[in-house]
Protein chains: 2
Amino acid sequence: MAELDIAEVSHRAGVPASTLRYYEERGLISSTGRRGLRRQYDPGVLERLALIALGRTAGFSLDEIALMFAPDGQPRIDRQKLAAKADELDNRIRELGVLRDSLRHAAACPAPSHMECPTFRRLLDAAASGGVAVPGRRVPGR
Amino acid sequence: MAELDIAEVSHRAGVPASTLRYYEERGLISSTGRRGLRRQYDPGVLERLALIALGRTAGFSLDEIALMFAPDGQPRIDRQKLAAKADELDNRIRELGVLRDSLRHAAACPAPSHMECPTFRRLLDAAASGGVAVPGRRVPGR
DNA sequence: CATTGACCTCAAGTCGACTTGAAGTAGAAC
DNA sequence: GTTCTACTTCAAGTCGACTTGAGGTCAATG
């Protein structure tokens with residue numbers, strides 16, 4: 001079985017068929033042909049989908065991911081971009097670490113009200129001054 | 001000057017006026033009155049905005065945050081929820097850590113193509129099997 | 001040969017958190 | 001007293017990644 005049916009791909013990759021069609025439309029994957037109406041895929045699409053999933057979890061947009069494939073379909077992953085994303089992740093991880101520790105402290109804090117807890121207030125100031133970022137926040141000028 | 005003008009709040013909190021109106025509409029903050037048309041705010045709104053910002057960076061939705069204020073305006077932060085969010089953050093942090101390490105490895109990997117690098121392939125399998133989560137991904141059945 | 005059911009296309013809807021635009025108003029400066 | 005300007009309301013638009021729905025098609029099953 002060289003060719004996979006869309007249902008097969010959907011099942012194996014754990015991705016809805018609608019998403020496969022969407023990815024195709026966006027140029028992220030391509031079908032090798034049709035059996036009747038139905039899309040057929042090369043088994044390699046599974047690896048490609050894994051790559052896409054990976055990119056998504058690393059925080060790349062679909063557009064960015066699309067650029068990571070050469071026109072011939074071979075992944076052309078820019079090592080610099082990977083390193084940059086790793087650094088980005090590093091920052092986010094550090095932020096989240098601080099946040100987590102502070103949340104835990106606040107959860108265990110004996111102060112009658114959170115507002116009277118110095119740790120909580122410090123956290124608050126950090127958040128207010130934009131020291132910590134929200135992932136999906138739109139930046140002014142975009 | 002007990003009362004702050006919306007422009008003042010916007011400036012001090014680093015939040016656009018449109019967002020302040022939006023937060024008011026959502027019941028997250030309230031203005032004490034108007035001078036002419038313009039909203040006036042109690043200085044306490046700044047602390048509240050900081051609290052909102054904090055909640056956002058911790059990954060709470062505006063609806064969740066709204067529930068963290070008692071009707072009287074006093075923050076009523078559920079310590080259990082904080083702890084739960086901390087645990088959630090902990091998981092995410094661990095995932096991101098793995099991802100970061102793998103990205104870094106891939107970036108430095110000597111294999112001619114990423115596909116031939118065992119570390120990269122392992123990472124790929126993890127991503128494919130949904131071992132790592134994308135923050136904003138919609139879960140089936142929601 | 002007719003039915004079934006899973007696929008197809010294309011347009012439109014969803015979600016959350018805002019932003020933007022049009023049309024109006026009022027305090028303050030001239 | 002007029003103009004300026006920063007605010008006001010309300011509806012609609014935006015962004016990314018998909019999902020959903022209506023109406024159509026076709027390989028396989030009976």
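Below, chains carry the letters A, B, ... as their sequence lines are ordered, and counting in each starts from 1.
- Set against C/dT9, D/dC7, C/dC18, the side chain of B/Arg56 has C/dC18 as its closest nucleotide.
- What separates CD of B/Glu64 from C1' of C/dA17 is a distance of 14 Å, to the nearest Å.
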Once base and sugar-phosphate atoms are separated, protein heavy atoms under 4.0 Å mark nucleotides 20-30 of chain D, 5' to 3', with B, S and - as B---BBSSS--

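- Formation of a donor-acceptor pair under 3.5 Å by the A/Ser102 side chain with backbone atoms of A/Val98 is found in this model.
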Could you walk me through whether A/Glu64 and A/Arg56 pass the salt bridge (Lys or Arg N to Asp or Glu O under 4.0 Å) check? CA-CA 10 Å; A/Glu64 285 177 303; A/Arg56 296 276 298 112; over 6 Å; no

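- For the pair A/Leu28 CG and D/dA17 P, the computed distance is 9 Å after rounding to whole Å.
- Ion pair A/Glu88/A/Lys85 flagged as a salt bridge, since at least one NZ, NE, NH1 or NH2 atom sits closer than 4.0 Å to an Asp/Glu carboxylate oxygen.
- B/Arg34 has its CZ atom 7 Å from the C1' atom of D/dT8, to the nearest Å.
- The CG atom of A/Leu62 sits 15 Å away from the P atom of D/dC15 (whole-angstrom rounding).
- Nucleic acid contact class of B/Ala17 (heavy atoms, under 4.0 Å, all strands): none.
- Under 4.0 Å is where a charged nitrogen must lie from a carboxylate oxygen, and between A/Arg104 and B/Asp87 at least one such pair does.
- In this structure, CD1 of B/Ile52 is placed 17 Å from P of C/dG16, rounded to the nearest angstrom.
- Taking only side-chain nitrogens and oxygens, A/Thr19 never comes nearer than 4.0 Å to OP1 or OP2 of D/dA17.
- Protein atom OH of A/Tyr22 is 16 Å distant from nucleotide atom P of C/dC10, rounded to whole Å.
- B/Arg35 has no carboxylate O lying under 4.0 Å from a charged side-chain N of B/Glu3, or vice versa, which leaves the two without a salt bridge.
- For D/dT9, the OP1/OP2 oxygens have a side-chain nitrogen or oxygen of B/Arg39 closer than 4.0 Å.
- Checking the phosphate oxygens (OP1, OP2) of C/dC18, a side-chain nitrogen or oxygen of B/Tyr23 falls inside 4.0 Å.
- One interatomic measurement links the two molecules: CZ of A/Phe60 to P of D/dG16, which rounds to 16 Å at whole-angstrom precision.
- Note: CG (A/Asp63) to C1' (D/dA17) measures 11 Å, nearest angstrom.
- Although no hydrogens or angles enter the test, the distance criterion places no donor-acceptor pair under 3.5 Å between the side chain of B/Ser31 and the main chain of B/Tyr41.
- We find that B/Arg39 and B/Glu24 are joined by a salt bridge, their nearest charged nitrogen and carboxylate oxygen being less than 4.0 Å apart.
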